[in-house]
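Input: a single structure, listed below in structure tokens.
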Amino acid sequence: MRKKIVAANWKMNMTQAESARFVESLLLDLGDIIDIEVVILPPFTAIAKVMEALGKAQNIKVGAQNMHWERSGAFTGEISAALLRDLFVHYVVLGHSERRTLFGETDEIVNRKVRAAHEATLRPIVCVGETLEQRDKGNVDKILSIQLRGSLKGLSEKELQETVIAYEPVWAIGTGRNATPEQAQEAHMFIRHTLREMADDAAAERVRIQYGGSVKPENARELMSQPDIDGALVGGASLDPRSFVQIVKAARDE
Ligand code: 13P
């Protein structure tokens with residue numbers, strides 16, 4: 001059984017004060033949750049505040065939204081895996097479509113970051129997903145295969161198992177237009193099939209695959225009830241603690 005993982009990707013939002021208020025509210029509802037893994041992904045500037053607000057609630061994990069692949073050095077404006085570990089961060093999102101399209105990240109760059117994350121025992125959440133044009137041309141499987149093989153190249157079986165994949169169709173991100181549960185399940189099944197080709201069956205079975213793209217309290221349950229959908233990576237709806245809590249509970253109820 002794969003433990004479901006629901007993560008709040010705040011993107012470039014949330015001040016320290018807003019983050020602390022969010023966590024206080026979250027703890028009232030999810031302070032003792034253990035059956036679902038809950039992850040908060042604040043901007044770098046709010047990570048320490050979120051940690052502080054979580055206090056002893058070690059069941060809720062914190063992640064970063066990006067990092068550089070080098071350990072240290074002259075990389076002005078960048079953050080390394082070691083610096084994130086210094087803040088007791090557990091997860092890091094890599095290859096988000098916004099990084100790929102707005103900041104030119106290729107599969108090769110994502111792969112360097114994924115390897116660096118594992119070296120530092122940070123767990124990567126690796127995002128893949130097609131554009132609408134690619135879907136319309138019937139290229140979903142091809143794109144997912146290229147992104148997965150490129151981004152996850154050279155990982156050991158153990159590292160692969162500890163990697164979380166997020167399927168985020170680009171056309172569903174921030175558009176209010178989510179993939180249907182059937183479309184999402186089909187893509188997740190293909191992702192697991194590709195993982196089976198890259199590693200052994202047992203390893204592929206253990207990898208958790210989140211769905212992301214306009215997840216809301218109203219569609220979360222049906223999406224996460226699909227056999228290969230192991231959680232959600234939530235953007236807009238994760239900025240409001242009430243809707244995020246509802247999404248987490250939807251993962252629990254299905
Ligand atoms: P939305 O939930 O706002 O569509 O964003 C999805 C996303 O990009 C999560 O990483």
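Atom set for the values below is all heavy atoms of this structure, side chains included, hydrogens, waters and symmetry mates excluded. Ligands are counted one by one from 1 in listed order, and the atoms in each one are counted from 1 as well. Residues: numbered from 1 along the sequence shown.
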Legend entry - E168 neighbourhood, listing ligand 1 atoms whose heavy-atom distance to it stays under 4.0 Å: 6 (C), 7 (C), 8 (O), 9 (C), 10 (O)
Inset, instruction - Would you please classify the geometry between the F22 ring and the W10 ring as parallel, tilted or perpendicular, with 30° and 60° separating the classes? - result: perpendicular
Legend entry - Side chains of S156 and H118, donor plus acceptor under 3.5 Å: no
Inset, instruction - Work out whether the distance between some heavy atom of K216 and some atom of ligand 1 is less than 4.0 Å. - result: no
Inset, instruction - Compute the shortest N/O to N/O distance between T175 and ligand 1 and return yes if it is under 3.5 Å, no if not. - result: no
Legend entry - Enumerated ligand 1 atoms positioned under 4.0 Å from heavy atoms of G236: 1 (P), 2 (O), 3 (O)
Legend entry - Whether A7 lies under 4.0 Å from ligand 1, heavy atom: no
Legend entry - Contact atoms of ligand 1, heavy-atom distance to G213 under 4.0 Å: 4 (O), 6 (C)
Inset, instruction - Using only heavy-atom distances, determine whether the side chains of R135 and T131 contain a donor-acceptor pair under 3.5 Å. - result: no
Legend entry - Donor-acceptor pair between Y91 and Q65 side chains, under 3.5 angstrom: no
Atom pairs and distances, donor-acceptor, side-chain atoms in residues 25-36, under 3.5 Å, two or more places apart:
residue, atom, partner, partner atom, Å
D35, OD1, R252, NE, 3.3
D35, OD1, R252, NH2, 3.2
D35, OD2, R252, NE, 2.9

Legend entry - Donor-acceptor contact present, side-chain Q210 to main-chain A232, <3.5 Å: yes
Inset, instruction - Report, in ascending order of atom number, the atoms of ligand 1 lying under 4.0 Å from any heavy atom of G235. - result: 1 (P), 2 (O), 3 (O), 5 (O), 6 (C), 9 (C)
Inset, instruction - Just jot down the ligand 1 atoms closer than 4.0 angstrom to any heavy atom of K11, in number order. - result: 5 (O), 6 (C), 7 (C), 8 (O)
Legend entry - Heavy-atom gap A237 to ligand 1 smaller than 4.0 Å: no
Inset, instruction - Determine whether the side chains of N111 and R115 contain a donor N or O and an acceptor N or O closer than 3.5 Å. - result: yes
Inset, instruction - May I ask you to check whether H96 and E168 show a side-chain donor-acceptor distance below 3.5 Å? - result: yes
Inset, instruction - Using a strict cut-off of 4.0 Å, indicate which atoms of ligand 1 neighbour a heavy atom of L233. - result: 9 (C), 10 (O)
Taking only distance into account, with no hydrogens and no angle test, what donor-acceptor pairs under 3.5 Å do side-chain atoms of residues 183-194 form with protein atoms, sequence neighbours excluded?
residue, atom, partner, partner atom, Å
Q183, OE1, T180, N, 2.9
Q183, OE1, T180, OG1, 3.4
Q185, OE1, D228, N, 2.9
Q185, NE2, D228, OD2, 2.9
H188, ND1, D228, O, 3.0
R192, NE, D228, OD1, 2.6
R192, NH1, A204, O, 2.9
R192, NH1, V207, O, 2.7
R192, NH2, D230, OD2, 2.8
H193, NE2, E197, OE2, 3.3
T194, OG1, F190, O, 2.9

Legend entry - For G174, atoms of ligand 1 separated by under 4.0 Å from a heavy atom: 1 (P), 3 (O), 4 (O)
Legend entry - Atoms in ligand 1 with a heavy atom of A172 nearer than 4.0 Å: 4 (O)
Inset, instruction - For ligand 1, note which part of N9 has a heavy atom under 4.0 Å away: side chain, backbone, both or neither. - result: side chain
